[in-house]
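Below: the structure, in structure tokens.
Just so it is clear, the model here is predicted, and its values are computed rather than measured. Side-chain atoms are counted along with the backbone in the values below, which use heavy atoms only and exclude waters and symmetry mates.
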Number of protein chains: 2
Amino acid sequence: MRSHSRRERSCLGGAFIRRLERAGTLSDLEQEVLLSLVGTPLDVAARQAIIGQHAERICLVMSGLACRYATLPDGTRRIAAFIIPGDLVGSPAGFTSGLPWRVGTLIRCSVAGLSRPDLCTLSRTYPGIRRALQWLMQDELNRARAWLLNDSQPSLQRVAYLLCELQARLEAAGLAGQGACELSLSQADLADAAATSHVHVSRVLQTLFSERLVSLGHQKLTITDVPRLRDLAGFDPGHLAAGVAELEANDLLGSG
Amino acid sequence: MRSHSRRERSCLGGAFIRRLERAGTLSDLEQEVLLSLVGTPLDVAARQAIIGQHAERICLVMSGLACRYATLPDGTRRIAAFIIPGDLVGSPAGFTSGLPWRVGTLIRCSVAGLSRPDLCTLSRTYPGIRRALQWLMQDELNRARAWLLNDSQPSLQRVAYLLCELQARLEAAGLAGQGACELSLSQADLADAAATSHVHVSRVLQTLFSERLVSLGHQKLTITDVPRLRDLAGFDPGHLAAGVAELEANDLLGSG
DNA sequence: CGACCAATTGAAAAATGTCAATTGCCGTGG
DNA sequence: CCACGGCAATTGACATTTTTCAATTGGTCG
């Protein structure tokens with residue numbers, strides 16, 4: 001692995017560390033050893049599967065937007081989660097198990113690899129790192145359940161919810177302000193995440209446009225009124241942010 | 001806590017241990033200390049919230065059928081997971097976090113409590129127990145994602161899938177044979193799990209009845225042809241059973 | 001220019017939801 | 001024992017949502 005200066009690492013891995021630290025502070029040493037594991041970022045074009053060169057590699061998305069998805073027998077694709085910069089994803093399924101899930105880019109991404117065995121070692125050695133990785137999993141579970149609930153909503157709210165979640169996560173990652181928020185997401189991808197057709201998404205967006213909640217300029221969706229969009233979607237950031245409290249109450253795996 | 005003889009414990013906690021051991025064998029000692037934590041089972045009527053007397057209690061469902069659910073602003077209830085005998089559930093949300101999820105019984109259940117701090121201690125002390133609890137979480141995540149994918153299917157397949165999953169899990173718990181399988185599940189509950197209306201579930205079941213995949217006798221749904229129902233639903237038991245392989249490849253938390 | 005992709009639009013079909021009424025079953029209480 | 005009320009399931013008719021197919025537009029890139 002090419003070595004980086006400390007400053008370089010901090011810059012590249014900033015979102016990553018920030019993400020992990022939501023489960024609790026990481027010591028300087030823990031941050032250092034974690035970042036030393038991050039390989040050289042690689043550019044991946046849009047609509048490509050993210051496949052580690054080796055199955056032992058874990059991927060860290062550093063920029064762009066990706067997703068976890070699966071395909072039904074009839075060809076329908078379902079997106080089950082968005083993956084934003086700072087997110088860590090295990091190697092795609094198909095190699096390691098019978099699960100149908102894949103991970104792929106939605107737009108051009110920069111992706112770095114981490115050695116899985118090395119990360120396992122760190123997790124055993126550093127309580128803070130183990131805690132952080134466990135939190136990541138709890139967080140994914142919370143979001144998966146939130147999407148399940150979201151699937152019970154009519155399509156207008158369902159689409160609005162997805163936009164809200166993306167905005168909230170990007171904001172938490174320091175990649176979006178609290179006000180307007182640009183999203184690099186095609187309507188077809190949004191449709192696969194909302195489990196609806198891209199035609200219908202187009203119509204649903206018309207409604208959001210006319211309500212001045214969202215706008216479309218330069219082929220970028222832009223949320224123009226976060227509070228009212230959240231209100232419409234029934235999106236409560238606390239439902240996702242509660243991961244920390246949930247973890248503390250549920251810390252069955254022990255962090256130290 | 002009332003003490004049980006070793007034999008009594010094994011009997012009551014059999015499904016529990018069997019469930020945990022899917023992540024790997026537990027030593028006799030580990031089994032013993034785990035079971036010593038299980039309190040006296042309590043009967044809970046159908047349609048009741050499962051609330052530990054104290055928020056520090058974790059619940060072990062020993063018989064019956066329960067579910068994790070949340071309610072949308074408009075009153076719609078979404079069931080996000082079935083909870084079968086042997087399943088462990090954290091204390092219901094609302095106490096510990098801002099998450100909207102609740103746990104409640106669908107039919108009469110027998111539920112035992114475990115002290116959360118004690119379980120945490122065991123998890124720190126015994127690698128096998130930590131591994132098992134981690135597997136439980138991975139398993140829940142796998143199932144949540146599978147339901148997300150299932151939500152993309154038309155209602156016939158969606159309902160069929162839920163029946164298949166229940167059958168597979170009950171079979172794995174030793175509570176159902178591979179052939180016919182009786183399910184104590186009302187059509188209204190099935191509807192809330194399939195994110196559809198109970199009227200529509202009724203019609204969908206007619207189709208399954210006419211295809212001789214399912215039958216209804218003595219107010220119990222009975223799956224009469226597991227293989228063909230799985231085929232219709234696109235249900236692959238490997239997609240859930242792969243939890244172990246997934247865990248091994250993903251063992252970031254370290255098990256010893 | 002020409003090919004391609006994202007987005008939009010209209011019209012018709014299909015799936016699903018809602019409302020309302022009916023049946024059958026079961027346990028309760030007279 | 002029987003009448004009653006409540007719950008689960010069913011059914012029909014109708015409204016709404018969503019999908020599908022097809023055609024069109026506008027933009028980007030080679």
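A/I107 has its CD1 atom 16 Å from the C1' atom of C/dC5, to the nearest Å. B/L221 has its CG atom 14 Å from the C1' atom of D/dT10, to the nearest Å. Rounded to whole angstrom, the span from the CG atom of B/L106 across to the C1' atom of D/dA8 amounts to 15 Å. Counting to the nearest Å, the P atom of D/dA9 and the CG atom of B/D192 are 12 Å from each other. Per the geometry, CG belonging to B/D74 stands 17 Å off P belonging to D/dT16, to the nearest Å. A/R47 places its CZ atom 9 Å from the C1' atom of C/dC5, with the value rounded to the nearest Å.
Looking at residues two or more places apart in sequence or on another chain, you find a salt bridge (charged side-chain N to carboxylate O under 4.0 Å, His left out) between A/D43 and A/R108. For A/E165, the side chain to side chain donor-acceptor pair (under 3.5 Å) partners at least two apart in sequence or on another chain are A/W147. Listed by chain and number, the residues in a side chain to side chain donor-acceptor pair (under 3.5 Å) with B/S184 are B/K220 (sequence neighbours excluded). Every residue two or more places apart in sequence or in another chain that forms a side chain to side chain donor-acceptor pair (under 3.5 Å) with B/E140 is listed here: A/R145. Qualifying side-chain contact (heavy atoms from CB on, under 4.5 Å) partners for A/T222, counting only residues two or more places apart in sequence or in other chains: A/A180, A/E182, A/S215, A/T224. Listed by chain and residue number, B/D189, B/D192 satisfy the side chain to side chain donor-acceptor pair (under 3.5 Å) test with B/R77 (two or more places apart in sequence, or in another chain). Taking the salt bridge (charged side-chain N to carboxylate O under 4.0 Å, His left out) definition, one finds that A/R78 meets it with A/D151, sequence neighbours left out.
The terminal axes of the helix from C/dC1-D/dG30 to C/dG30-D/dC1, fitted over 5 pairs per end, subtend an angle of 30° to the nearest 10°.
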* To do: For each nucleotide in nucleotides 15-29 of chain C, reading 5' to 3', give B when a protein heavy atom comes within less than 4.0 Å of its base, S when such contact involves only the sugar-phosphate, and - otherwise.
  => -SSBB-----SS---

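One finds a salt bridge joining B/R19 and B/D139 here, because a Lys/Arg side-chain nitrogen approaches an Asp/Glu carboxylate oxygen to under 4.0 Å.
Within the structure, ring pair (Phe, Tyr, Trp, His ring centres under 6.0 Å) contacts touching residues 159-186 of chain B (residues at least two apart or in different chains) are B/Y161-B/F235. Residue pairs meeting the ring pair (Phe, Tyr, Trp, His ring centres under 6.0 Å) criterion with at least one partner in residues 195-215 of chain A, sequence neighbours excluded, are absent.
Near DNA chain D, meaning a heavy atom under 4.0 Å away, the residues from residues 205-212 of chain B are B/Q206, B/F209.
Of the possible polar contacts, none joining the B/Q167 side chain to the B/A176 backbone as a donor-acceptor pair under 3.5 Å is found.
In this structure, B/S202 reaches the D/dT10 phosphate: one of its side-chain N or O atoms is under 4.0 Å from OP1 or OP2. For D/dT10, one of the phosphate oxygens OP1 or OP2 lies less than 4.0 angstrom from a side-chain nitrogen or oxygen of B/Q187.
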